[in-house]
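Here the structure comes first, spelled out in structure tokens, and everything after it is commentary.
Reckoned from all heavy atoms, side chains included, excluding hydrogens, waters and symmetry mates. On a predicted model such as this, the values are computed, not experimentally measured, just so you know.
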Amino acid sequence: MMQSTISTLPPYLSLAIWLPIIFGLIVLAVGRDSNAGFTRVLTLIGSIVSFGATIPLITNFDNAAHGMQFVEKAAWIERFNIYYALGIDGLSLWFVPLTAFITIIVVISAWEVIQKRVAQYMGAFLILSGIMIGVFAATDGLLFYFFFEATLIPMYIIIGIWGGENRVYASFKFFLYTFFGSLLTLVAIVYLYNVTGSWDILHWHKTPLTMTEQIFIFLAFFMAFAVKVPMFPVHTWLPDVHVEAPTGGSAVLAAIMLKLGAYGFIRFSLPITPDASHYLSGFVITLSLIAVIYVGLVALVQKDMKKLVAYSSIAHMGFVTLGFFVFNNMAVQGAIMQMISHGFVSGAMFLCIGVLYDQAHSRQIADYGGVVNKMPKFAAFFILFSMANCGLPATSGFVGEFMVILGATQYNFWIGLLAATALIFGAAYSLWMAKRVIFGKVANHHVAELVDLNGREFFMLGILAVATLYMGLYPAPFTDTMQTSVADLLAHVAHSKLP
């Protein structure tokens, strides 16, 4: 499907991966609660430097080039032909800086909230950032699996230590669902190695497989990626985990970790098993539409703000899997745009809920009302992100959903029509929550005691608001970079690989 050559540029991808990991280890080594201020500053410097290392990936990216760019390759375990191999294309480019960017926001969000084990909390997020970037950059199958599974460890610790009352239950549920789902992926990649003698993902793309092989490999990948997205009906772990996770954990989980599963579909499932992908597309489209419609209705009846946004995330990610499996250029680009937008919007929604929770210590919608009277700046941001969450034009939430609906309609009118109902449901649950939390008279003394955003919180939400509006008003920089890679992917998937 794709060709790649060793890059003559500096090892930007390695820097993007290992800088946050190294800074995270330094924070763990030198940070103490007695010098928490120094720990926070060091973490912020590490996250900013790590984000800076991802900027050259955007500025030096060639939109017209086919195949992988910024390629790095070095022997890792030579006996088994395993390489430390990295590379990105238009399908993966934006997720690298997005991960580093969200890490900065999460560090800022925890500046005053986390008072105990500050170094462990900050270090865990830095290390997690580097590992997640490794997932998007790996072009060796075993290296991908190593990074993919390694993400579970810091997130498990973050939920288990800094989560809510039922954090142990939530962390175990998160770990068990995602770990067991991934075991079949290991079986699939080991099988591909036995067939090809290589761990190179791009080599697997060109390997002819029988229909039976493709179906079994597709289902093995599907188990891991569907749980991670998560798709209906393996989505039940996500609301529980979001409710118990600390604010930063929820933001990273929604903004980045869910994208790892969706990315797996376009890097593994579609190009390695194109015939099986077409054969089983109806199955995936059906599950995606259930997520878009049914889970959207479930979001409407939630009483906990975090649960509502968690269910809305599942519905929005249903757009992503739908877009991939209608095999349409517009829809696939829209799905990737939706992934990026969801990173901004869902992360911002969870951070907004965290701001309220830090003061009122409640996530129940019924415990609020009239917040705009005490927190007008916060209310403006909350309404903006709520509008973006339901796909308001001029916000990033509109671009991806509109493109997926348009592509799905070209594929099948009725599928497009059913997908479009998500705009109605999204508006319903987003506006329902906003109306009860933000507007009206001050509901109780807890709301009366709320204090509006401080400078740190305003900056944190402000920069996410700028990103949401910029992407909504000017999506061209995003779509231009993925155009060639999406066209290559669809051309490859359209060609049968049956021997």
Side-chain angles (χ1 to χ4, degrees), residues 17-18 20-21 24-25 28 95-96 98-100 102-103 106 117 120-138 140-164 166-190 220-231 234-265 267-268 310 313-314 317 339 343 346-347 350:
I17 294 169
W18 295 107
I21 293 176
L25 294 174
L28 290 174
F95 299 110
V96 176
L98 176 64
T99 303
I102 293 297
T103 302
V106 167
R117 296 178 176 149
Q120 289 84 348
Y121 183 87
M122 298 295 193
F125 274 108
L126 285 175
I127 292 170
L128 177 61
S129 175
I131 294 172
M132 290 190 296
I133 290 173
V135 175
F136 294 119
D140 180 277
L142 200 62
L143 183 66
F144 171 91
Y145 186 79
F146 169 79
F147 282 126
F148 191 77
E149 291 299 278
T151 59
L152 302 183
I153 300 171
M155 183 55 77
Y156 174 81
I157 293 171
I158 289 165
I159 298 168
I161 295 178
W162 294 277
N166 294 321
R167 59 186 179 274
V168 175
Y169 164 77
S171 59
F172 266 105
K173 192 171 186 179
F174 162 75
F175 187 88
L176 291 175
Y177 263 75
T178 51
F179 178 72
F180 281 114
S182 301
L183 287 179
L184 284 176
T185 294
L186 179 60
V187 174
I189 65 175
V190 170
F221 285 141
F222 183 82
M223 286 302 296
F225 302 145
V227 169
K228 204 81 162 185
V229 168
M231 295 181 67
V234 289
H235 66 286
T236 55
W237 63 270
L238 186 66
D240 291 334
V241 171
H242 269 310
V243 167
E244 299 303 326
T247 299
S250 288
V252 167
L253 181 63
I256 308 298
M257 289 199 76
L258 304 188
K259 313 306 180 295
L260 303 182
Y263 174 72
F265 281 118
R267 184 63 74 213
F268 285 82
S313 291
I314 298 167
M317 291 304 290
M339 290 165 69
S346 66
F350 281 113

Point to revise | side-chain contact (heavy atoms from CB on, under 4.5 Å) between F222 and F265, worked out | key: CA-CA 8 Å; F222 183 82; F265 281 118; 3.7 Å; yes
Review point. Of the non-hydrogen atoms in L98 and A255, which two are nearest, and what is the gap between them?
Key: CD2-O, 4.3 Å
Check: residues 120-131 side-chain donor-acceptor pairs under 3.5 Å, at least two apart:
residue	atom	partner	partner atom	Å
S129	OG	T103	OG1	3.1

Review point. Taking atom CG of L183 and atom CZ of F180, what is their separation to the nearest 0.5 Å?
Key: 6.5 Å
Kindly list each side-chain donor-acceptor pair under 3.5 angstrom involving residues 142-158, sequence neighbours excluded, with atom names and distances?
residue	atom	partner	partner atom	Å
E149	OE2	S182	OG	2.8
T151	OG1	F148	O	2.7

Review point. Between CE of M231 and CE of M317, what distance do you get to the nearest 0.5 Å?
Key: 10.0 Å
Point to revise | Donor-acceptor under 3.5 Å (W237 side chain, L176 main chain) | key: no
Practice item. Please assess F174 against L253 for the test side-chain contact (heavy atoms from CB on, under 4.5 Å), listing each intermediate value before the final yes or no. Key: CA-CA 11 Å; F174 162 75; L253 181 63; 4.2 Å; yes
Point to revise | Pairwise distance CE(M132) to CD1(I17) - rounded to 0.5 angstrom | key: 12.0 Å
Study note, to complete from the structure: Across all chains, not counting sequence neighbours, the side-chain hydrogen bond (donor to acceptor under 3.5 Å, both in side chains) partners of K259 are H342
Review point. What are the two closest heavy atoms between A310 and L238, and how far apart are they?
Key: O-CD2, 3.9 Å
**Study point:** Check: G264 main-chain N/O paired with R267 side-chain donor or acceptor under 3.5 Å
**Key:** no
Review point. If you round to the nearest 0.5 Å, how far is CD1 of I133 from OG1 of T99?
Key: 5.5 Å
Study note, to complete from the structure: Scanning both residues in full, the closest heavy-atom pair of A170 with V241 reads O-CG2, 3.5 Å
Practice item. Kindly write out the residues that satisfy ring pair (Phe, Tyr, Trp, His ring centres under 6.0 Å) with F136, not counting sequence neighbours, or none if the list is empty. Key: F95, Y263
Point to revise | Spacing of L186 atom CG and I189 atom CD1 [to the nearest 0.5 Å] | key: 5.0 Å
Review point. Any donor and acceptor pair, going by atom type alone, linking the side chain of E244 with main-chain N or O of G163 inside 3.5 Å?
Key: no
Review point. Do other residues, nucleotides or ligands put more than 12 heavy atoms under 6.0 Å from the CE atom of M257?
Key: yes
Review point. Listed by chain and number, what are the side-chain hydrogen bond (donor to acceptor under 3.5 Å, both in side chains) partners of H235, not counting sequence neighbours?
Key: none
Point to revise | Sequence-distant partners of F179, ring pair (Phe, Tyr, Trp, His ring centres under 6.0 Å), two or more places apart | key: F175
